[in-house]
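Data first, discussion second: the structure below is written as structure tokens.
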Amino acid sequence: MDYTTFLQALVSSLLCYWVGWILYARWLHPLSKFPGPPLAAISRIWTVLHVLRGKAQDEQKALHQKYGPIVRIAPDELAISDPRAVKAIYGVNSGFKKTDFYLPFRSPFARYPDHFTATDEKSHASRRKIVHHIYSLTSILQAEEYVDKCTDLFLQCLGEMADAQTSVDLLKWARMYAYDVVGEFYFGQMFGFLKNKDDHIGYLSSTDSLIPVMTLSAVMPSYVRSIFMLGGFMFSRMRKAVGAFDVLTKAADLAVENRRHLFEKGDVSQRKPDLLTRAFEIYYRRGVELDFQLIDLKMEAFGAFFGGSDTSAIAISGTMYHIIRNEQAYRTLVEEIDQATRDGKLSMPHLMYNEAVKLPYLDACIKEGMRIHPSVGLTMPRHTPAEGAHVAGYWVPGNTRIGINPAVLQKDTSVFGDDAEVFRPDRWLETNAHQLNQYILQFGGGSRTCMGKHMALCELYKIIPEILRSFHLSLESSDTLKTSAFWFYKPASVHVRVRRRSDN
Ligand code: HEM
């Protein structure tokens, strides 16, 4: 066969394959009964472009308006926005498993898959059980003073910016705060963002570069991911980002080595009651029995760095944005905080987490802030069990990818009413408010619920009232919040003017 004939045969075979695939995917595939964009039914390109535009939550909402509560977003994948689907997909013992979407986020040096990316439920449950107590509320509150240390520095910086009358990007500062809290909890000390008032070691810009690339890779078919990731390394920004994480790895090594030294010296007085110490206690007491080595301990620190910094910062800045924007809510909240401070129910100079959670309006504002602006803005995809499953009245075949986007469901009018898009904290003070909780997915659900939830809530319930009792904040612009959703549903910025309060 000559070259031209070979080429013609190849092209015709490929054409036949494609025509066959299109006919099958659109009309014969087990998911062909589900509506959705025609391109999504035949290729993942649709999903990749959809995520690439960084507006997944808005586009997905529009999709549901057009096609209904369940939409085919890739040949083998469905997105659903129906309250009944939450328990079916994310409930304990639902039998739904994490998909390979999570794999690009996995650390290359993980011995066991880290909690976030583990796809084998059994192994995940046994590894999570080993460290579960580290993340309990009791354990977090034993280290509450480290949150206070970061809060003091944050407030000091806000004070300086208020005096200098400079504009403050709350997102950037909340990020520096949240990263420094992770530093205190896991790396022996703050990373120094707040002290340096800047991303002096480049971690923030590195996650900004890496997360979108990883997210795009996560929605691509697995066979093109490596090529895509390798392609990414052609760009100096990516190489720089990876370099910054070398610095992080060294910081983790040093923190672990220093702490090990203290343990081996038997110097109990020098040991901070932080999460690193808790992890070391597991290592020394049951490390061999549980196969929990120093590298596993380091993985916990990495998990918190990647899973707990930007998420917490988005929750803080997103909630603050809505409070500041809503005059009535702002006034009511400040009155509640001031009254509680006057009554001695909020300690000075540091209010305690256990005091803050008792303030009903603060609680309502934080719940509403995270409802309307959850930190995750993509579907959290799962595989249906091999035998298939009923989801919200639909029969979904086995091994189908299906997921809910918290940023879509949490604004669903069928659950939250016609004002679902409005920041209205009072909805959480109404009689049946507790029923809404079951449709809130901001911390995920079931056996895969966020491990750092208590740590994140500790930061939120402390920093928001601390800021509001010391400063008055106003938004610089009345424009609506600009956001992007590469896994994290991130505001572009939250610029505010800050004044010291003269009335306290
Ligand atoms: C406001 C802050 C936070 C938010 C909104 C948040 C959100 C989430 C969500 C939605 C998930 C589930 C993802 C999925 O199922 O696909 C998750 C899982 C996880 N989060 Fe968080 N997170 C926050 C803070 C933290 C912190 C501070 C840490 C670390 C200390 C952390 C560590 C983790 C881990 C390890 C998982 C995986 C759990 C598992 O699958 O077993 N998160 N988080």
Side-chain angles (χ1 to χ4, degrees), residues 86 89-92 94 96-103 105-107 110 112-121 123-132 134-137 139-140 143 147 174-175 177-187 215 218 274-276 278-279 299-319 366-367 369-371 373-383 401-407 409-410 440-461 463-464 487-490:
V86 174
I89 301 176
Y90 302 102
V92 181
S94 69
F96 286 57
K97 290 184 182 148
K98 278 198 172 180
T99 62
D100 71 0
F101 167 90
Y102 293 89
L103 300 187
F105 298 96
R106 185 172 292 170
S107 160
Y112 288 95
D114 59 280
H115 311 296
F116 178 63
T117 69
T119 52
D120 180 313
E121 282 294 318
S123 144
H124 164 264
S126 75
R127 296 307 292 176
R128 180 165 167 151
K129 205 166 136 206
I130 296 173
V131 290
H132 189 68
I134 296 185
Y135 299 91
S136 68
L137 183 58
S139 161
I140 299 298
V147 180
R175 288 183 82 193
Y177 169 76
Y179 277 91
D180 269 348
V181 172
V182 170
E184 277 289 333
F185 272 28
Y186 279 100
F187 290 77
T215 307
D274 58 11
L275 304 199
L276 188 59
R278 302 271 168 266
M299 281 309 301
E300 294 300 316
F302 275 92
F305 182 89
F306 285 106
S309 308
D310 276 331
T311 42
S312 302
I314 295 167
I316 295 168
S317 55
T319 303
I366 291 178
K367 283 194 173 124
M370 292 188 74
R371 175 190 76 80
H373 198 110
S375 307
V376 168
L378 281 190
T379 53
M380 302 183 291
R382 302 290 191 266
H383 271 139
R401 284 160 173 258
I402 185 165
I404 299 179
N405 182 338
L409 183 71
Q410 291 180 190
I440 292 294
L441 267 178
Q442 66 224 8
F443 285 111
S447 61
R448 309 310 294 262
T449 300
C450 175
M451 285 187 86
K453 182 175 167 180
H454 295 303
M455 181 172 158
L457 291 178
C458 182
E459 291 175 46
L460 270 149
Y461 279 83
I463 193 72
I464 292 179
W487 183 244
F488 296 137
Y489 179 30
K490 210 166 175 182

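Both counts, for ligands and for their atoms, begin at 1 and track the order of listing. Hydrogens, waters and symmetry mates are skipped; everything else that's a heavy atom, side chains included, is used.
- With T379 contributing its side chain and G403 its backbone, the two residues share no donor-acceptor pair below 3.5 Å.
- With hydrogens left out, the protein atom closest to atom 36 (C) of ligand 1 is M451 N, 4.0 Å, a heavy atom.
- Interface of A456 with ligand 1, defined as ligand atoms under 4.0 Å from a residue heavy atom, comprises 1 (C), 2 (C), 24 (C).
- Remark: the E121 side chain and the S447 side chain contain an N/O donor-acceptor pair separated by less than 3.5 Å.
- Taking CZ of F185 as the start and CG of L276 as the end, the distance is 12.0 Å to the nearest 0.5 Å.
- For atom 42 (N) of ligand 1, the nearest non-hydrogen atom of the protein is C450 SG, 3.0 Å.
- Remark: minimum distance from atom 29 (C) of ligand 1 to any protein heavy atom is reached at A304 CA, 3.6 Å.
- Of the protein's non-hydrogen atoms, the one nearest atom 16 (O) of ligand 1 is Y102 OH, 2.5 Å.
- Scanning all protein heavy atoms for the shortest distance to atom 28 (C) of ligand 1 gives G452 CA, 3.4 Å.
- By the criterion of a heavy-atom distance under 4.0 Å, the side chain of Y135, and not its backbone, is placed next to ligand 1.
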Check the pair R127, D120 against salt bridge (charged side-chain N to carboxylate O under 4.0 Å, His left out), reporting the backbone distance first and the verdict last.
CA-CA 11 Å; R127 296 307 292 176; D120 180 313; over 6 Å; no
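- No side-chain donor-acceptor contact under 3.5 Å links N405 and Y489.
- If you take OG on S136 and CE on M451, they are separated by 10.5 Å, rounding to the nearest 0.5 Å.
- Every atom of ligand 1 is numbered from 1 in the order shown, and the set under 4.0 Å from a heavy atom of M455 is 30 (C).
- The contact set between ligand 1 and K98, taken as ligand atoms under 4.0 Å from a residue heavy atom, comprises 14 (C), 15 (O), 16 (O), 40 (O).
- In summary, the atoms of ligand 1 found under 4.0 Å from a heavy atom of H124, numbered by their order in the structure, are 39 (C), 40 (O), 41 (O).
- With a heavy-atom cut-off of 4.0 Å, R382 touches ligand 1 through its side chain alone.
- Among protein heavy atoms, the minimum distance from atom 24 (C) of ligand 1 is reached at T311 OG1, 3.4 Å.
- Ranking the protein heavy atoms by distance from atom 38 (C) of ligand 1 puts R128 NH1, 3.5 Å first.
- Taken from CG in L409 to CD in Q442, the straight-line distance is 11.5 Å, to the nearest 0.5 Å.
- Residue contacts with ligand 1, taken as heavy atom pairs separated by less than 4.0 Å, do not involve V182 at all.
- Residue S375 has at least one heavy-atom neighbour below 4.0 Å for each of these atoms of ligand 1: 5 (C).
- One option in F185, F116, Y186 has a heavy atom closer to atom 13 (C) of ligand 1 than any other, and that option is F116.
- The proximity of S312 to ligand 1, defined as any non-hydrogen pair under 4.0 Å, involves the side chain as well as the backbone.
- Shown are E300, R128, H132; of these, the side-chain hydrogen bond (donor to acceptor under 3.5 Å, both in side chains) with H115 is made only by E300.
- Considering backbone and side-chain atoms alike, Q442 places every N or O at 3.5 Å or more from each N or O of ligand 1.
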Before giving the answer on side-chain contact (heavy atoms from CB on, under 4.5 Å), spell out for L275 and M455 the whole-Å C-alpha distance, their side-chain angles and the decisive distance to 0.1 Å.
CA-CA 10 Å; L275 304 199; M455 181 172 158; 4.3 Å; yes
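- Every atom of ligand 1 is numbered from 1 in the order shown, and the set under 4.0 Å from a heavy atom of A315 is 1 (C).
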Given H124 and R448, is the side-chain contact (heavy atoms from CB on, under 4.5 Å) satisfied, shown in steps?
CA-CA 9 Å; H124 164 264; R448 309 310 294 262; 3.2 Å; yes
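- Near T449, the atoms of ligand 1 lying under 4.0 angstrom from a non-hydrogen atom of the residue are 38 (C).
- Nearest protein heavy-atom neighbour of atom 9 (C) of ligand 1: F443 C, 3.8 Å.
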Output, in order, the C-alpha distance, side-chain angles, deciding distance and verdict of side-chain contact (heavy atoms from CB on, under 4.5 Å) for K453 and L137.
CA-CA 9 Å; K453 182 175 167 180; L137 183 58; over 6 Å; no
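- Between F306 and F116, the ring centre distance reaches or exceeds 6.0 Å.
- Below 30°, between 30° and 60°, or above 60°: for F305 and F187 the angle between ring planes is above 60°, a perpendicular geometry.
- Contacts of W487 with ligand 1, taken as heavy-atom pairs under 4.0 Å, involve the side chain alone.
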